[in-house]
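The structure under discussion appears below in the form of structure tokens.
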Amino acid sequence: MVLFSVTKKATTPFDGQKPGTSGLRKKVTVFQQPHYLQNFVQSTFNALPADKVKGATIVVSGDGRYFSKDAVQIITKMAAANGVRRVWVGQNSLMSTPAVSAVIRERVAADGSKATGAFILTASHNPGGPTEDFGIKYNMENGGPAPESVTDKIFSNTTTITEYLIAEDLPDVDISVVGVTTFSGPEGPFDVDVFDSTIDYIKLMKTIFDFESIKKLLASPKFTFCYDALHGVAGTYATHIFVEELGADESSLLNCVPKEDFGGGHPDPNLTYAKELVDRMGLGKSSNVEPPEFGAAADGDADRNMILGKRFFVTPSDSVAIIAANAVQSIPYFSSGLKGVARSMPTSAALDVVAKNLNLKFFEVPTGWKFFGNLMDAGMCSVCGEESFGTGSDHIREKDGIWAVLAWLSILAFKNKDNLGGDKLVTVEDIVRQHWGTYGRHYYTRYDYENVDAGAAKELMANLVSMQSSLSDVNKLIKEIRSDVSDVVAADEFEYKDPVDGSVSKHQGVRYLFGDGSRLVFRLSGTGSVGATIRVYIEQYEKDSSKTGRDSQDALAPLVDVALKLSKMQEYTGRSAPTVIT
């Protein structure tokens, strides 16, 4: 057995190690600076209760992006030095963010141990590679992201840190091979357990969904399927679930080999970046082959999803509403009913209408999955989602891209259960249009202005807040821009008081609410690694079923005009067009 010793390394603080909504994200070159990663990891260990570190089991894995393998070895050596009893690592350092949450919550080692938390190495949907992004976040014992009370403590520690502990003489562990390696240190044995993380995740999915009914759907000659992992970690799970378990053809998988640089692409499942899938589904300019019936994509760490039908895009806001509306009859896990539903504030109000119609508890929370986690831990929420392509349920405490795909396949399987031999299957588009006919349609788009000067972005937001003091002036201005837009009846800066722990989150986005149920929302995003990102959310509600089939751009054009002129977007940012439209 290899013996190791503990070294105390002197260090000084780095500026800017404040975790955003999803951990700390910076360029790889920043993380590669001597002591940079080590400072953040030690600050995290120091922020946790002693019993969650000493003698504990922690998970260390991620989406496999560039620098992950180095980071796993560094964190493992620091865990050993800080008295951690064992580290669980996904084979090749690969473990999707939802699988990490599942592993924390579900996995029990041979000796009965369970994990108390995890370092997840991901920058989610941001690009990877030597000059691109890296990220790290800590998840707690419930499988969810660390709450603000913990991330604030981590940040405070990063500003005063003077030393970190590391077992420099601990050899690197071969994380490509499944197995347990045992070492011995000053506080006793230390294990590194490398395992196949797909096993626990698939086991959990089988307790939620009826795999047999989905298998029958995929076996129908009329049903064709396509899944694009964008060279992220989802590819590992897609092969096991869709091909091996559900019988899909291997040719239905696109970009399902995980790569450190995501194949040079941007692993963000939207209409801009998932270009190959978009073309294959008949939504691109060059499409001339008959598209599959169903398509889906994932981001780098597999917690986000995009759902497509044949020549048809499902907005994430509609997706969560449709899953909630159909969950009880289509998904065995929910057969006894939903405890409640929730959405992030910028997400369209499509879910609100479903909740009202089905008499469900409903919550509107700030952006950040930890807010859903609190509701779920308290037994108040079953299904939740956000407009940024995140959907999930209380089976774990993260959004879950593959879960969302299986949920849609379950709904399609249920709708077609007596029709698999018929002339025509019920399609994704049929389901969405039927939903609009029942609940109305929330025309919706998001404009992202990325890497904007941070000062200019703050000025723009401050101006939007100050304008809210006189709604009559705002409405006068709006009527000058577009006379065909409803009046603003309320405007505020969104603030959330958590019904579970009473904590208050302020400055969560600027809202303008219109009399006809439409909304404009402006938000600064915390997920980029450079500059600021301004997100503008534009939503037009239409309950007249004869008008729910309009082209989305036409329906939204008046509100888009109002949003850009009201905010003086070009004046403040110098941008004549957004970086991304979703």
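Every heavy atom of this structure was used, including side-chain atoms; hydrogens, water molecules and symmetry mates were not.
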Would the distance check show the side chain of Asn39 and the main-chain N or O of Thr12 forming a donor-acceptor pair, the cut-off being under 3.5 Å?
yes

Quick one: does any side-chain atom of Arg65 pair with a main-chain N or O of Asn126 as donor and acceptor, under 3.5 Å?
yes

Is atom CG of Asp15 surrounded by more than 12 heavy atoms (other residues, nucleotides or ligands) closer than 6.0 Å?
no

With the side chain counted from C-beta on, respond yes when Gln42 and Ile161 share a heavy-atom pair under 4.5 Å apart, and no when they do not.
yes

Between atom OG1 of Thr579 and atom OH of Tyr449, what is the distance when rounded to the nearest 0.5 Å?
8.5 Å

Please give me the minimum heavy-atom distance between Ala234 and Ala302, naming the atom from each residue.
CB-CB, 3.6 Å

With a 4.5 Å cut-off on side-chain heavy atoms, are Tyr273 and Asn270 touching?
yes

Going by the rule salt bridge (charged side-chain N to carboxylate O under 4.0 Å, His left out), which residues pair with Lys339 if we only count those two or more places apart in sequence or in a different chain?
Asp394

With sequence neighbours left out, the residues meeting ring-ring contact (aromatic ring centres under 6.0 Å, His included) with Phe134 are Phe31, Phe67

To the nearest 0.5 Å, tell me how far Tyr201 OH sits from Met205 CE.
4.0 Å

Aromatic ring pairing Tyr227/Phe242, orientation class (parallel under 30°, perpendicular over 60°, tilted between):
tilted

Which class fits the ring pair His395 and Tyr333: parallel under 30°, tilted 30 to 60°, perpendicular over 60°?
perpendicular

Residues in salt bridge (charged side-chain N to carboxylate O under 4.0 Å, His left out) contact with Asp70, at least two apart in sequence or another chain:
none

Between Lys497 and Val504, what is the shortest heavy-atom contact and its length?
CG-CG2, 4.1 Å

Pairwise distance CG(Asp228) to CG(Leu254) - rounded to 0.5 angstrom:
5.0 Å

Can you check side-chain contact (heavy atoms from CB on, under 4.5 Å) on Ile323 and Thr391, steps first, answer last?
CA-CA 9 Å; Ile323 290 171; Thr391 327; 3.9 Å; yes

Taking only residues two or more places apart in sequence, or in another chain, which ones meet Glu245 in a salt bridge (charged side-chain N to carboxylate O under 4.0 Å, His left out)?
Lys206

Compare all side-chain heavy atoms of Ile581 with those of Arg446 and state whether any distance is below 4.5 angstrom.
no

Nearest heavy atoms of Gly117 and Ile104, plus distance in Å
C-CD1, 4.0 Å

Check the pair Glu364 / Arg343 against salt bridge (charged side-chain N to carboxylate O under 4.0 Å, His left out), numbers first and verdict last.
CA-CA 5 Å; Glu364 181 179 30; Arg343 65 165 173 84; 3.2 Å; yes

Stepwise salt bridge (charged side-chain N to carboxylate O under 4.0 Å, His left out) test for Lys399 and Glu386
CA-CA 9 Å; Lys399 48 187 172 266; Glu386 50 190 25; 2.9 Å; yes

What residues, two or more places apart in sequence or in another chain, satisfy ring-ring contact (aromatic ring centres under 6.0 Å, His included) together with His507?
none

4.5 Å side-chain heavy-atom contact, Trp403 and Val405:
no

Could you tell me which residues satisfy salt bridge (charged side-chain N to carboxylate O under 4.0 Å, His left out) with Glu141, sequence neighbours excluded, listed by chain and number?
Lys52

side-chain hydrogen bond (donor to acceptor under 3.5 Å, both in side chains) partners of residues 144-159, not counting sequence neighbours, each pair once:
none

Across all chains, not counting sequence neighbours, the side-chain contact (heavy atoms from CB on, under 4.5 Å) partners of Ser61 are Val89, Met95

Please report the C-alpha distance between Arg523 and Thr367 in whole Å, then the side-chain angles of each, then the deciding distance to 0.1 Å, and finally whether the side-chain contact (heavy atoms from CB on, under 4.5 Å) criterion is met.
CA-CA 10 Å; Arg523 219 181 120 253; Thr367 298; 3.4 Å; yes

Among residues at least two apart in sequence or on other chains, which ones pass ring-ring contact (aromatic ring centres under 6.0 Å, His included) with Phe389?
none

Using the six-membered ring wherever Trp is involved, compare the ring planes of Phe372 and Trp369 and label them parallel, tilted or perpendicular (cut-offs 30° and 60°).
perpendicular

For the pair Phe4 and Phe190, name the ring-plane relationship: parallel under 30°, tilted 30 to 60°, perpendicular over 60°.
perpendicular

Under 3.5 Å, side chain of Thr207 to main-chain N/O of Leu204, donor-acceptor pair present?
yes

Applying side-chain contact (heavy atoms from CB on, under 4.5 Å) to Val177 and not counting sequence neighbours gives Asp174

How about Ile175 and Gln91: do any of their side-chain heavy atoms sit closer than 4.5 Å?
no

Taking only residues two or more places apart in sequence, or in another chain, which ones meet Phe45 in a ring-ring contact (aromatic ring centres under 6.0 Å, His included)?
Phe119

Write down the atom of Gly235, the atom of Ala229, and the distance for their closest heavy-atom approach.
N-CB, 3.4 Å

Determine whether Val6 and Pro186 make a side-chain contact, defined as any pair of heavy atoms from C-beta on separated by less than 4.5 Å.
yes

Name of the residue among Lys77, Lys8, Lys9 meeting salt bridge (charged side-chain N to carboxylate O under 4.0 Å, His left out) with Glu168:
Lys9

Nearest heavy-atom pair of Val87 and Ala79: which atoms, and what distance?
CG2-CB, 3.8 Å

For the backbone of Lys259 and the side chain of His231, can you confirm whether one donor and one acceptor N or O come within less than 3.5 Å of each other?
no

Answer yes or no: does atom NZ of Lys203 have more than 12 heavy-atom neighbours from other residues, nucleotides or ligands under 6.0 Å?
no

Start with the C-alpha gap between Cys384 and Met376, add the side-chain angles, then the distance that decides, and say whether side-chain contact (heavy atoms from CB on, under 4.5 Å) holds.
CA-CA 10 Å; Cys384 56; Met376 289 171 177; 3.1 Å; yes

Would you please test Asp172 and Lys69 for salt bridge (charged side-chain N to carboxylate O under 4.0 Å, His left out) and show each step?
CA-CA 10 Å; Asp172 283 359; Lys69 287 174 180 169; over 6 Å; no

Under the side-chain contact (heavy atoms from CB on, under 4.5 Å) criterion, do Glu132 and Tyr66 qualify, and how do the steps go?
CA-CA 9 Å; Glu132 297 294 352; Tyr66 188 85; over 6 Å; no

Between Lys54 and Glu187, which heavy-atom pair has the shortest distance, and what is it?
NZ-OE2, 3.2 Å

Nearest 0.5 Å please: distance from the OG1 atom of Thr11 over to the CD atom of Glu163.
10.0 Å

Could you tell me if the side chain of Asp377 sits less than 4.5 Å from the side chain of Val500, heavy atoms only?
no

Residues two or more places apart in sequence or in another chain: which of them pass side-chain contact (heavy atoms from CB on, under 4.5 Å) with Arg85?
Pro189, Asp191

Between the main-chain N or O of Glu450 and the side-chain N or O of Thr533, is there a donor-acceptor pair closer than 3.5 Å?
no

If you define the side chain from C-beta out and look only at heavy atoms, does anything of Ser124 sit under 4.5 Å from Arg304?
yes

